[in-house]
Structures are given as C-alpha cells and as structure tokens.
Amino acid sequence: MVAYTIRRVLQMIPVVIGATFIIYALTFAMPGDPIAAVTGSRPLPAATVQQIREAYHLNDPFLVQYGQYMLGLLRGDLGIDLFGRPVAGLIAERLPVTLQLGLTAWALKLVIGLLIGIYSGLKYNRPADHFALFFTVFFIGVPGFVVALGAQTLFGVKLNWVDPAGIGAGWPMAFILPALVMAVEASAGLARLTRTSLVEVLRAGYMRTAMAKGLSPQRQIWGHALRNTMIPVSTYLGLSLAGMLGGTVIIEAIFNIPGIGQLMVDAINNKEGTVVVGIATFLVIAYLVFNLLVDLMYGIIDPRVRV
C-alpha cells in the first residue's frame, strides 16, 4: 500500500503541471489590463504603472511568468494579488464558507441520491423506478444555474422563506436553499449510478448463493448487495466532494455567498489573473488528493483490492 501511495503521488505531478499550464495560459489570454481594472476611473501615472508591471512580472513572456509561478508553487506560494495580499491567505479566509456550503450540499446529496437510487434499484422496472429515472434525467438535463435562479425566485422572492440576496441568517438556515439546489442536481447522477450498480449486484451469482443458503432478504440486501454496490458509488462520492467545492462558483455568485467561488468571480471581473490561477490550482490539487484518498479506501471497502 505504501508503494502504491508513492506511485500515485508521483503520477499526480504531471497532472498538476498540465492543469496549471492550461489554466495559466487561459488566464494569460484574458483580454484587458488588470492594473486598469483595479484602478478604475483613477489612472495611475505611467511610471507607477510600469513599476507595478515589473514588480508583478507582467511584462515577461508567458513561459517566464509560468515558470516563476511554478517555482513559487513548489514553496507553497500561490502568488499575491495586485494589492499585495497573498492568494493563499485570501483562499484561507473564504474557505470555511465554501466548506460549509459544499459539505452541506454533499450531505444532502448523499441522503437524496442514495435513497432514490436504492429504492429505484429494489423496485427495478416498476412505476417507482420509472419515476426515479424521470427525476434523474430531468435534473441532469436542466443547467444548475437555471435551477438556482428558479429556486431563488420561488422561495426567496415569491414565498419569502429565505433571504434571496445574502447570508445574514448564517449557517445552516442561509445555506439550506443553495446547498439543496446543488444537492438536487448532483444527486441525480448518484441515484442513477446507485440504481445501476444495485441492479447488477442483485443479478450476480453470489446473490443467488445467499438466497439458496436461506438468508433473510434483509441480510441479502444489507449484508451483501449494498456493500458491493458501494464500491463504484464510493468513487463517485469521493470525487464529487472535491467537485462540490469547485461547483460552488455559480451558486455562490447567484446567492451572494462570500466563499471561494465568489472570490473567483470577483477576480475574473477585475482581471486579477493571479487570484484566478491560485484558486484554480488549489481546486485541482484538492481534487487529486480526494481522488487518492478514495483509491486508498478501496482496500477497506473491497478486500479483493488489497490482493
């Protein structure tokens, strides 16, 4: 297991390099001048602008800038914004809010997706199964921002159940609606995967053996079927937890939640490429770490993996 972990960590290095290179290239190609975007209607003297551009290496070629960024990343430095603030510090300030939203959405997704998927798999090819499939297809097909805007209009404006433009109520009340919007959309994929996996497991030979041994239906389902069903589902859940952090960008912008997603939106609007690249790099590394942890958990869920 130790050798496998080391090998996987080494495999993450080229992924980080490739992902950061693409992100940095896209950010480098963003139109507009970041200094002008920050100063707004009060332009700075030309000499001051030149000093800032030299201090932040904005006049250097793309590969030189990227190389300097990667050298800083090796030291754990995600760069500084145009106000001299460390990007890592900005992320640390906003991360608790994003974690609250992401984990709340992930927990709701876990409950909704597994319940619908398990029930649909046990009622395979029955009316309940068809209804569950319609639910999943509908929410997979509808864009997340449409669901978010619709929920905000209905529950925040029309019914006035929640504050549609802020988080003054704090956690958990102010996070329930945005987290539920994220969870409903994401639970559709989890429900379909759980249903498909459960149906395949119920048709497996060892399930017929368990039935022939006279095990009760409850032991067949809880002791055999669901444990094997959770092998592919656990991968999806682990990766989706990291995906939830990245998926908060649109939700935080719509519901005015001051997390990492809102920070990235503001950075894009202000042409602050360093902040955009730093946040994207942090999310990429988080995704890879979660992926590694999920693979290591395989040995706990399925002993055959250890062999």
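Side-chain contact between Ile279 and Arg94 is absent, with no heavy-atom pair separated by less than 4.5 Å. Considering only heavy atoms from C-beta on, Val137 comes within 4.5 Å of Arg192 through its side chain. With a 4.5 Å cut-off on side-chain heavy atoms, Val87 and Val277 do not count as touching.
Judged by distance alone, the side chain of Thr98 and the main-chain N or O of Ile260 form a donor-acceptor pair under 3.5 Å. No donor-acceptor distance shorter than 3.5 angstrom exists from the side chain of Gln100 to the backbone of Phe175, with no hydrogens or angles considered. Side-chain N or O atoms of Asn291 include none that pairs as donor or acceptor with a backbone N or O of Tyr287 at under 3.5 Å. A donor-acceptor pair under 3.5 Å is absent between the side-chain atoms of Ser197 and the main chain of Leu193, judged by distance alone. Side-chain atoms of Glu252 come within 3.5 Å of backbone atoms of Gln262 as a donor-acceptor pair (strictly under, hydrogens ignored).
Across Ile251 and Met182, no two heavy atoms sit closer than the pair CG1-CG, 3.4 Å. Nearest heavy atoms, Thr104 versus Ala179: CG2-CB, 3.6 Å. Pairing each heavy atom of Leu292 with each of Arg8, the nearest pair is CD1-CB, 3.5 Å. The nearest pair of heavy atoms linking Val181 to Ala151 is CG2-CB, 3.7 Å. Residues Ser187 and Ile112 share a closest heavy-atom pair of OG-CG2, 3.5 Å. Summarising the geometry of Ala183 relative to Leu108, their closest heavy-atom pair is CB-CB, 3.6 Å, with the distance given to 0.1 Å.
Interatomic distance, CD1 of Ile176 versus CZ of Phe155, reported as 12.0 Å (0.5 Å rounding). Annotation: the span from Phe255 atom CZ to Leu177 atom CG amounts to 4.0 Å, rounded to 0.5 Å. Rounding to the nearest 0.5 Å gives a distance of 11.0 Å between CZ of Phe138 and CD of Glu185. Within the model, atoms CG of Leu95 and CG of Leu263 stand 11.0 Å from one another, a figure rounded to the nearest 0.5 Å. Rounding to the nearest 0.5 angstrom, the gap separating the NE2 atom in His130 from the OG atom in Ser120 is 9.5 Å. Expressed to the nearest 0.5 Å, how far OG1 of Thr153 lies from CG of Leu149 amounts to 6.5 Å.
Hydrophobic clustering (ILVMFWY, side-chain heavy atoms < 4.5 Å, transitive): Val199 and Phe135 are in distinct clusters. Neither Met70 nor Leu26 shares a network with the other; the hydrophobic side chains, linked directly or stepwise wherever heavy atoms of I, L, V, M, F, W or Y lie under 4.5 Å apart, form separate groups for each. Grouping the Ile, Leu, Val, Met, Phe, Trp and Tyr side chains by contacts below 4.5 angstrom, directly or via other members, places Met264 with Ile285. Leu101 and Val111 are not part of a single hydrophobic cluster, where members link through side-chain heavy atoms under 4.5 Å apart. Under the 4.5 Å side-chain heavy-atom criterion for ILVMFWY residues, a single connected hydrophobic cluster contains both Leu10 and Ile17.
Between Tyr24 and Phe62, the two ring planes are tilted [angle within 30° to 60°]. Ring geometry for Phe131 versus Phe134: interplanar angle of 30 to 60°, hence tilted.
Tyr69 and Thr274 share no donor-acceptor pair across their side chains, judged by distance under 3.5 Å alone.
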Could you go through Ile23 and Val284, starting from their C-alpha distance and side-chain angles, then the distance that decides it, and tell me whether this counts as side-chain contact (heavy atoms from CB on, under 4.5 Å)? CA-CA 10 Å; Ile23 294 168; Val284 168; 4.0 Å; yes
Any chance you could lay out the side-chain contact (heavy atoms from CB on, under 4.5 Å) test for Leu63 and Phe28, step after step, and finish with the verdict? CA-CA 10 Å; Leu63 292 179; Phe28 185 85; over 6 Å; no
Residues Val184, Lys109; criterion side-chain contact (heavy atoms from CB on, under 4.5 Å); working and verdict: CA-CA 6 Å; Val184 168; Lys109 166 192 171 178; over 6 Å; no
Please assess Val276 against Lys271 for the test side-chain contact (heavy atoms from CB on, under 4.5 Å), listing each intermediate value before the final yes or no. CA-CA 9 Å; Val276 175; Lys271 307 294 188 299; over 6 Å; no
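In Tyr119, the OH atom is not crowded: 12 or fewer heavy atoms of neighbouring residues, nucleotides or ligands sit closer than 6.0 Å. Other residues, nucleotides and ligands place no more than 12 heavy atoms under 6.0 Å from the CD1 atom of Ile250.
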